[in-house]
Number of protein chains: 2
Amino acid sequence: MLDIILLEPKEPGNIGAIARVMKNFGFSSLVLVNPQCDYRSVTARNRAKHAQDVLAGAKIVPAVGRYHTLIGTTGRLGTDYNLSRSPLAPKQVALLSLPRKAGLLFGREGIGLTNKEIMRCDFLVSIPASPEYPVLNVSHAVAIVLYELCNVKKSTDHILPAHREEKMRALRVMTELIDQMIFPTSSMMQTQKIVWKRVLGKSMLTHREAAAIMGFCRRAMHLLSRQRHL
Amino acid sequence: MLDIILLEPKEPGNIGAIARVMKNFGFSSLVLVNPQCDYRSVTARNRAKHAQDVLAGAKIVPAVGRYHTLIGTTGRLGTDYNLSRSPLAPKQVALLSLPRKAGLLFGREGIGLTNKEIMRCDFLVSIPASPEYPVLNVSHAVAIVLYELCNVKKSTDHILPAHREEKMRALRVMTELIDQMIFPTSSMMQTQKIVWKRVLGKSMLTHREAAAIMGFCRRAMHLLSRQRHL
């Protein structure tokens, strides 16, 4: 279980928004370190929407507790030579297997984490952003890190991508159709084949879509052959 | 240039937050279709923080304009058989090369896009989230999609990852050190070598960190050899 730890948050709206996005990504353990505002205010509750349980279950603590692994977050990047601030990207953190008792620490709005707080962390994560304005709103930072860490990535799993074979079959049937169509020149026919290969290749077909395309081609071929027999 | 299009937004705070995260990820073209609130209100401006330029530059239009490619966003997933709602994941969209004139359309807060609006889109993108509560705040949805589409992922580029060779060299020096250390059994020594191989392997070393580890090992070896000569 990953604790989402907010250090001295002062905007109830941010706390509510964070509770919501935690629930969106399947996280539930919110820890507020020495909060500077009322996390149960109307503003916080309005922003939490259907994550009232996460908000109400927030743990209030006077200081950051002990974790097997404590991950800090920073918008301010050091250089390669500033060892304490050289961070991982969220995508890299997503590749690590986090221990059971891990905490993800977000700094104060606007100020972030001090160097001392950063040294307490096992490592840092930073969201790559525009050098012109790299500092994200804290709830956006939480959203992006949890989006990467989320392992309920499964919600599109019921939408089956076409197997390679299905894609190839759809392409084969499309090619048969092109062969049966009349084009002014053979090079135009060849172009068609190439185009369709690329279009079907790029479109990340689902199982259902591949089937539908084959149905389309077969229907067209059927109609073309009837025409020829008239 | 990608237009970020908000359909009939009604929360000024969301508009401001979206302006901010657009700037965070290097986007600047905000389009508000028939807004239901004042996008220049104090709330919007406060949330936009250092992205006042993006907010002030918002284009107000009565209806969604024409785009080479219009990408819709949805939190409600269809099944594989609901063709109009079968979406790509943000990571998949990031792999596509978007045309110059593309629009990313976000629906009304709470309601999203209607089926008719969805049919106008070339394709849909949906953020994989918890089935228990899959509907994200619109500014969080924008943040995550732009994070994936962002090509200013370069802000950590000045932090050089260690080359494979540097990593291997660090490991070799660590192994030499282990060889010079006294362990009760040879199997304990072997364990050490394996552990360090894994630890250094997993730690995504930077250039600077690899150099520092070699320095550490050499120093330790130097001290050990001095001790032996005493």
Side-chain angles (χ1 to χ4, degrees), chain A residues 13 17 20-21 23-27 47 49-51 75 77-83 85-90 92 95-96 110 123 126-137 139-144 147-148 150 152-160 202-204 206-209 212, chain B residues 13 17 20-21 23-27 47 49-51 75 77-83 85-90 92 95-96 110 123 126-137 139-144 147-148 150 152-160 202-204 206-209 212:
Chain A
R20 177 174 176 177
V21 81
K23 189 155 182 174
N24 288 150
F25 290 123
F27 296 87
R47 295 280 291 284
K49 288 274 187 311
H50 298 291
L77 296 176
T79 64
D80 191 5
Y81 282 82
N82 183 346
L83 285 167
R85 281 191 186 262
S86 64
L88 298 180
Q92 294 177 301
L95 298 175
L96 304 173
F123 62 89
S126 188
I127 296 164
S130 168
E132 215 187 309
Y133 187 21
V135 180
L136 275 73
N137 164 274
S139 84
H140 287 166
V142 174
I144 288 166
Y147 158 76
E148 288 286 5
C150 176
V152 290
K153 297 188 204 261
K154 308 306 172 195
S155 64
T156 54
D157 275 8
H158 64 290
I159 295 170
L160 302 171
K202 279 191 301 186
S203 62
M204 305 190 220
T206 65
H207 171 70
R208 177 71 182 83
E209 288 163 345
Chain B
R20 176 174 178 178
V21 80
K23 188 154 183 175
N24 288 149
F25 291 124
F27 296 88
R47 295 280 292 283
K49 288 275 187 309
H50 298 292
L77 295 177
T79 64
D80 191 5
Y81 282 83
N82 183 347
L83 286 167
R85 282 192 186 261
S86 66
L88 297 180
Q92 293 177 301
L95 299 175
L96 304 174
F123 63 88
S126 189
I127 296 164
S130 167
E132 216 188 307
Y133 186 22
V135 180
L136 274 73
N137 166 274
S139 85
H140 287 165
V142 173
I144 288 166
Y147 158 76
E148 288 285 4
C150 177
V152 292
K153 299 188 202 258
K154 309 306 172 194
S155 62
T156 53
D157 274 9
H158 64 288
I159 295 170
L160 303 170
K202 280 190 301 185
S203 62
M204 306 190 221
T206 65
H207 171 69
R208 178 71 182 82
E209 288 163 346

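Just so it is clear: chains get the letters A, B, ... in the order the sequence lines come, proteins before strands, and each one is counted from 1.
- A/I144 is listed as a side-chain neighbour of B/I144, based on a closest heavy-atom distance under 4.5 Å.
- Between A/S130 and B/F27, every side-chain heavy-atom pair lies at or beyond the 4.5 Å cut-off.
- A distance-only check finds a donor-acceptor pair linking the side chain of A/N24 to the backbone of B/V135 [under 3.5 Å].
- Nearest heavy-atom pair across A/Y147 and B/E148 is OH-OE2, 2.7 Å.
- The candidate with the highest count of non-hydrogen atom pairs below 4.5 Å against chain B, out of A/R47, A/R20, A/K23, is A/R20.
- Taking A/H140, A/E132, A/Q92 one by one and counting their heavy-atom pairs under 4.5 Å with chain B, the maximum is reached by A/H140.
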### Query
Run the side-chain contact (heavy atoms from CB on, under 4.5 Å) check on B/I127 and A/F25 step by step: do they pass?
CA-CA 10 Å; B/I127 296 164; A/F25 290 123; 3.9 Å; yes

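- Both the backbone and the side chain of A/A17 come within less than 4.5 Å of a heavy atom of chain B.
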